[in-house]
Undergrad: 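Here it is, the structure, as structure tokens.
So that the names make sense, note that chain A is the first sequence line, chain B the second, and so on, each numbered from 1. Because the structure is a prediction, the values reported are computed rather than measured.
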Protein chains: 2
Amino acid sequence: MNLPPSAEKRSDAFMRILEAAAGVFSEAGFAGARMDEIAARAGVNKATIYYHIGDKETLYAEVIRSVIGNTAETIAREIQNIQDPEEKLMIYIRTFARNIDVNPQVAPIMMREVASGGKHLPEIVARDIFRIVNLLSGILKEGKKKGVFLETIPFLIHIMVIGAIITYKTSAPIRRRYDWIPPAIRNLDDKISGNIVVELEKLILKAVKK
Amino acid sequence: MNLPPSAEKRSDAFMRILEAAAGVFSEAGFAGARMDEIAARAGVNKATIYYHIGDKETLYAEVIRSVIGNTAETIAREIQNIQDPEEKLMIYIRTFARNIDVNPQVAPIMMREVASGGKHLPEIVARDIFRIVNLLSGILKEGKKKGVFLETIPFLIHIMVIGAIITYKTSAPIRRRYDWIPPAIRNLDDKISGNIVVELEKLILKAVKK
DNA sequence: AGTTAAACTAACTGGTTAGTTAATTCTATG
DNA sequence: CATAGAATTAACTAACCAGTTAGTTTAACT
């Protein structure tokens, strides 16, 4: 679980509540989540949540922040020392994919957040998300200037990458639900940061390359 | 609103309830939707919903079925008379995109359904969705045999296309939420079946072509 | 006009759930 | 050890909401 720099040292109960909340919100969404369930999973009394964090909306915002609040920072760090735009793009995709695998609650939360028009998305997290888009725009612009990439709509490329990754990741339960689903689909890897992301990188690169 | 062949002739109240429910479920999700709100929008007493359709789950299943229940049929019809795999792939993408534009409730409902692991997805609709995947697999296999497409993971291509389309479509409210969002992103078309899908077609075709 | 069934509604019910309160236990420090 | 403040809890409350009920209106048919 990622933490904002300011919140490095939080009490044990605080952390357990955040983790439990991330799990419940990721499974049930904001409206479907129950504060009692979160308290039970965290092993604390429900009132402890209100004492440490606050009401349901505040808790949700805290979860969102802790779980996707510094994705941009991670990606920026990974690509900063790379020169080649093509490799930058690959690392961009790979880093996001690894993030999704390491923190499996992120994908469902992001999907529902998009679906609800970002109703509960704290502005600071929105800024972080658009910083990710801007990183990609920079890569694509640089590649175009160097004559290796075509002119594209950066936001569409972003959506193709991020949309594919989070949709693939969350599709796992549906892919296994019925026995009539072709094995070629059923048996695909749950992890996206393995061979799947390698294939995705190839496809995206091929699409934008001159 | 698409209707199953069996349900062509339904009462006025039934139709109004379905439409209102599609709107509310699309805005709030299953857990967030309120039966009273649906009744109010439909202009009927809440009990009328239970009289005509049944409980919340039944109503939701009915909405899902009416709204995405025959997408595969539509796509199959559109591509059946085309020979060229490249054009088939383009029409596949374009038809799905048009469907999403014509029925704007579909994208949020699909996203939340994927996010929740298809918890409320009726099996018959799941079959329809995987029929869409199979249609694409067929196109890609044919193209490979004819030597115009590369070897790919069809499900990943499906996810790239469908994931991109529904994520793009639902991203509209977030893209407009803050005034610091770059105009290049803010001012993108809400409609996906215009120039956006044309660009998406180009990118996907370029990615899979030999 | 009278009868019957279908369609519809106002008002209610009971279970659920976010949030609160008042009291108790733990912990650190002089 | 004593005490103050922080952390935690059991039990409660008020609002909410899915689903029901008992009764009324509408429409079709004889």
Undergrad: Considering only NZ, NE, NH1 and NH2 on the basic side and carboxylate oxygens on the acidic side, decide whether B:E78 and B:K88 come within less than 4.0 Å.
TA: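 Salt bridge between B:E78 and B:K88, a charged N being under 4.0 Å from a carboxylate O: no.
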Undergrad: Would you mind reading off the distance between B:H52 atom NE2 and D:dG19 atom P, rounded to a whole angstrom?
TA: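 The answer, rounded to whole Å, is 17 Å.
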Undergrad: So if I take residues 28-45 of chain B and measure heavy-atom distances to DNA chain C, which residues fall below 4.0 Å?
TA: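 Residues of residues 28-45 of chain B that come under 4.0 Å of DNA chain C are, in numerical order, B:V44, B:N45.
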Undergrad: How close or far is atom P of D:dG5 from atom OH of A:Y51, stated in whole angstroms?
TA: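 It works out to 12 Å between those atoms.
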Undergrad: If I take atom CG from residue A:L188 and atom OG from residue A:S171, how far apart are they, to the nearest 0.5 angstrom?
TA: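 With rounding to 0.5 Å, CG (A:L188) is 8.0 Å from OG (A:S171).
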Undergrad: Give the first and the last nucleotide of DNA chain C, reading 5' to 3', that has any atom under 4.0 Å from a heavy atom of chain A.
TA: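 Answer, 5' to 3': C:dT17 to C:dT21.
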Undergrad: Give a yes or no on whether a salt bridge exists between B:K169 and B:D101, defined as a side-chain N under 4.0 angstrom from a carboxylate O.
TA: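 B:D101 and B:K169: salt-bridged.
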Undergrad: Can we say A:D128 and A:R65 salt-bridge, meaning some charged N sits less than 4.0 Å from an Asp/Glu carboxylate O?
TA: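 No salt bridge links A:D128 with A:R65.
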Undergrad: What is the separation between atom OH on A:Y50 and atom P on D:dC12, rounded to the nearest whole Å?
TA: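 These atoms are roughly 18 Å apart.
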Undergrad: Would you call A:R131 and A:E73 a salt bridge, using N to O less than 4.0 angstrom?
TA: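 Yes, A:R131 and A:E73 are salt-bridged.
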Undergrad: Take atom CZ of A:R16 and atom C1' of D:dA7, then tell me their distance rounded to the nearest Å.
TA: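 That distance rounds to 12 Å.
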Undergrad: Looking at every heavy atom in both B:Y178 and A:A126, which two are closest together, and how far apart are they?
TA: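 Minimum heavy-atom contact is CE1-CB, 3.4 Å.
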Undergrad: Give the ring-plane orientation class for B:F25 versus B:F30, where under 30° counts as parallel, over 60° as perpendicular and anything between as tilted.
TA: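 Rings of B:F25 and B:F30: parallel, under 30°.
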Undergrad: Could you give the NZ-to-C1' distance, from A:K46 to D:dA10, as a whole number of Å?
TA: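 So the NZ-C1' distance, A:K46 to D:dA10, works out to 12 Å.
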Undergrad: Less than 4.0 angstrom from a charged side-chain N to a carboxylate O is my criterion; do B:R16 and B:E19 meet it?
TA: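 Looking at B:E19 together with B:R16, the answer is no, because their closest N to O distance does not fall below 4.0 Å.
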